Amino acid sequence: MNIKNLKYVAAAMLLGVSMTSCDEFLDKPVEDNYNTENYYTDDNSCIAGVNYLYNSPWYDFQRGFIKIGEVMSGNMYWGSSPYMNFSVNGTDQDLVNMSYSLWAEIGHANTVYNSIKGSSASESVKNQCMGECLAWKAMAYFFLVRSFGDVPIVHDNSVNLAAGDYNDLHKVQKADVYEYIMMTLEKAMELLPKTKSTTGRIDYYCAEGLYAKVALTAAGVSGQLDNSLLQKASTASLDVINNSGRKLMANYADIFRGSNNVSDESLFAWRWTVGSHWTCQNTLQSDLMPEGFDEFGDCWGGWGGPSADLQDAFGYDVTENPKNRLDVDARRKATMMGPGDVYDYFWRDKDLGNGKKGFDILKFYFDKDYNSAATNTFQGPCGVQNVKHAYGDNADHEAECGMSAARMSYAVATHILRLADVYLVHAEAEVLQGKTTSATALAAFNAVRSRSVPSAVDKTQLSFDDVWKERRLELAGEGDRWYDFVRRSYYDVNACIAELTSQRRNAIWNCSEVYKTYFESNGATWDATNIQYDESTPIPNVTANSFNLPYPTEDVALNPNLGSNAEAIHVDVRTEYAY
């Protein structure tokens, strides 16, 4: 926990600084000096004052979001990263930034909530904005407890600021933290409108979807599954499915386009923009896509990419001739790109020939007439590259978002809770209660699968493994998979260790040479004889302790109560805290 950072956030907010909203989402705040006493005076100022909780404090979490969620889980290969082999320590900069970002979001959400309480705005807008603050606070705590395990609870910054006890806070047992998150979401749902938002703001059903996922996760935290929490997860998720007015988008790939930043599918999202304030923008494309993917010179992610194990899960084989490849699951191409793949929503201003425009990954690497910066070397270390979180070039960004991108700055939303996730939460909650033929669980599961696998025959009975795999395919690349392992590790850690240590987490060699020959022969030659999976790199050492990340070293030095040997305390959160 970044004690100093949270303390400074609280002090700055109380002094009326550091509250400007990032440009453009969702309304622009008044451009003058203000403090908390004179700013929240009407509906517009309350709405504008909450906007930045959707982006800026989350900015430093982006890189950790991918490295923890995707690299640690075995979905993504990232070279010598300590997240690959479970050797990350408390000085790792991505870990430090991630932790500090989450605590900053909590600090800001607390202060804005308390400030709006005393506003003279209309009661309905005050309630909406306070509900949004609590929903975002709950989301930040959900990431914290799943990442670090036992964590302190900061209910009200001003109380800790007055007491001066930031460096004395104790870790709270994670079961109590989950109870606190659920209590916070219950209050958020009490405040939020049930009317479906059309602007991307959090409404009642968005918060209820998160509540369902939190309850599902908390159900196993004691070491044994709690059926009462599983039923809460089932009931809440089904309410979202049946009553929110939201439907799954028809085309899976469309979810991740900038023109669909706001959609039925998106319940919680970081809503980025391109503006003058650094930290308001999305920069994930830089970390995930190959050099030259956009014209700003800010992409360096080609040397990582979807893992061999994730390819296996999709039934994708890099040794197979692209001409013979038949994708039965549309999510594969929307998640990873390999030879033979062409995208009409990337590079829509580039000529592919035959009157078509778009992005062809082999032409990108091997055709200098198409891409003057072509390197003649395919970068993807496992033979594929990422797709999700990318916007393409500036022509794509302008077409999708209605504005120009900039260097390390674009406005495509990052979805962190989707409707399909809630569908699968419902299926899992039912199956874990032994309801393997539950009509609602089957309907939810089949709806998610059939959207992307039209040839799939509807299931008439579900197993846990069915849902476990479907979650991986549906949410791959979205920063969620590691947290599935954490949830399962609470009550079945040996199964998690067994799966992680059996994964194909290493590189696949010699793909570039095969792809180049195939391209230069115009598809006439495909010889994958030399493509080889790296069997020499040892499997990672995964233990029961691997499912909690270490606290930042500096924080433990400032507050020994956060140390790995320090006991977490029990707190009756519903008695101790109130909203």
Side-chain angles (χ1 to χ4, degrees), residues 61 65 68-70 72-73 98 102 106 134-151 153 171-186 188-189 206-240 267-268 415-433 441 444 464 467-468 470-472 474-475 478-493 495-496 499-500 544 546-549 568 573:
F61 184 50
F65 172 67
I68 293 170
E70 298 302 314
M72 285 186 70
S73 70
M98 182 199 80
L102 293 173
I106 289 167
L134 294 181
W136 277 121
K137 176 182 177 179
M139 180 62 84
Y141 260 118
F142 193 37
F143 277 118
L144 273 171
V145 70
R146 292 179 298 165
S147 298
F148 298 101
D150 307 324
V151 294
I153 291 176
K171 294 183 294 186
V172 174
Q173 293 172 7
K174 53 183 175 286
D176 298 331
V177 177
Y178 281 117
E179 185 69 16
Y180 181 75
I181 297 170
M182 293 176 69
M183 181 184 80
T184 300
L185 286 168
E186 288 164 7
M189 289 187 283
C206 301
E208 189 176 34
L210 179 57
Y211 183 88
K213 191 168 181 177
V214 173
L216 176 66
T217 306
V221 75
S222 69
Q224 293 185 331
L225 288 167
D226 182 332
N227 278 336
S228 66
L229 284 171
L230 290 174
Q231 188 54 49
K232 284 185 178 182
S234 175
T235 300
S237 55
L238 189 61
D239 190 44
V240 175
L267 303 182
F268 277 72
H415 308 297
I416 53 176
L417 181 66
R418 291 200 286 109
L419 185 61
D421 190 348
V422 177
Y423 276 55
L424 294 175
V425 163
H426 180 71
E428 185 173 337
E430 289 285 277
V431 167
L432 288 176
Q433 293 180 80
F464 176 81
V467 183
W468 180 252
E470 198 66 25
R471 287 191 61 81
R472 185 182 195 185
E474 177 68 23
L475 301 169
E478 299 179 48
D480 189 72
R481 186 58 174 176
W482 176 250
Y483 297 114
D484 280 350
F485 278 109
V486 170
R487 177 173 70 250
R488 189 176 181 182
S489 75
Y490 290 155
Y491 63 91
D492 193 5
V493 69
C496 295
E499 180 169 337
L500 289 164
S546 300
F547 299 93
N548 285 335
L549 291 165
V573 295

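Keep in mind that the numbers below use all heavy atoms, side chains included, and drop hydrogens, waters and symmetry copies. Everything numeric here is computed off the predicted structure, so don't read it as measured data.
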Quiz item: Hey, are the side chains of I68 and F61 touching, using non-hydrogen atoms and a 4.5 Å cut-off?
Solution: no
Practice problem: Apply the ring-ring contact (aromatic ring centres under 6.0 Å, His included) test between Y141 and each candidate in W136, F148, Y180; give the one that qualifies. | Solution: Y180
Quiz prompt | Any donor-acceptor N/O pair, Q433 side chain to A429 backbone, under 3.5 Å | solution = yes
Self-check item: Residue pair V240 / L419, side-chain heavy-atom distance below 4.5 Å
Solution: yes
Practice problem: Answer yes or no: is there a side-chain heavy-atom contact under 4.5 Å between F65 and M98? | Solution: no
Practice problem: Test L229 against M182 for side chain to side chain contact (heavy atoms under 4.5 Å, CB included), laying out the working first. | Solution: CA-CA 11 Å; L229 284 171; M182 293 176 69; 3.9 Å; yes
Self-check item: Distance, nearest 0.5 Å, that separates CG of L144 from CD1 of I106
Solution: 4.5 Å
Quiz item: Looking at Y483, does the NZ or CZ of R487 lie under 6.0 angstrom from its six-membered ring centre and within 45 degrees of the ring axis?
Solution: no
Practice problem: Report the C-alpha distance between L210 and L267 in whole Å, list the side-chain angles of each, state the deciding distance to 0.1 Å, and finish with yes or no for side chain to side chain contact (heavy atoms under 4.5 Å, CB included). | Solution: CA-CA 9 Å; L210 179 57; L267 303 182; over 6 Å; no
Quiz item: When rounded to the nearest 0.5 angstrom, what distance separates CG in D176 from CE in M183?
Solution: 11.0 Å
Quiz item: Would a distance-only check, ignoring hydrogens and angles, find a side-chain to backbone donor-acceptor pair under 3.5 Å from S234 to Q231?
Solution: no
Quiz item: Could you go step by step and tell me if R488 and F547 meet the side chain to side chain contact (heavy atoms under 4.5 Å, CB included) rule?
Solution: CA-CA 10 Å; R488 189 176 181 182; F547 299 93; over 6 Å; no
Quiz prompt | L238 side chain reached by T235 side chain, heavy atoms, under 4.5 Å | solution = no
Quiz item: Between OG1 of T184 and CD of E179, what distance do you get to the nearest 0.5 Å?
Solution: 10.0 Å
Quiz prompt | Side chain proximity check, L185 to F142, heavy atoms < 4.5 angstrom | solution = no
Quiz item: Do side-chain atoms of R471 reach the backbone of V467 as a donor and acceptor pair under 3.5 angstrom?
Solution: no
Quiz item: Between atom CG of L102 and atom OG of S147, what is the distance when rounded to the nearest 0.5 Å?
Solution: 6.5 Å
Quiz item: Out of curiosity, L417 CG to L475 CG, how far, rounded to the nearest 0.5 Å?
Solution: 9.5 Å
Quiz item: Relative to each other, are the rings of W482 and F485 parallel, tilted or perpendicular (30° and 60° limits)?
Solution: tilted
Practice problem: State, with a plain yes or no, whether a side-chain heavy atom of L432 is found less than 4.5 Å away from one of L216. | Solution: yes
Quiz item: Would E474 and Y423 satisfy side chain to side chain contact (heavy atoms under 4.5 Å, CB included), going step by step from the backbone distance to the final call?
Solution: CA-CA 11 Å; E474 177 68 23; Y423 276 55; over 6 Å; no
Quiz prompt | Euclidean distance, S237 OG relative to E430 CD, rounded to 0.5 Å | solution = 7.5 Å
Quiz item: Hey, is the main chain of E70 close enough, under 3.5 Å, to the side chain of S73 for a donor-acceptor pair?
Solution: yes
Exercise. Considering only NZ, NE, NH1 and NH2 on the basic side and carboxylate oxygens on the acidic side, decide whether R418 and D480 come within less than 4.0 Å.
Key: no
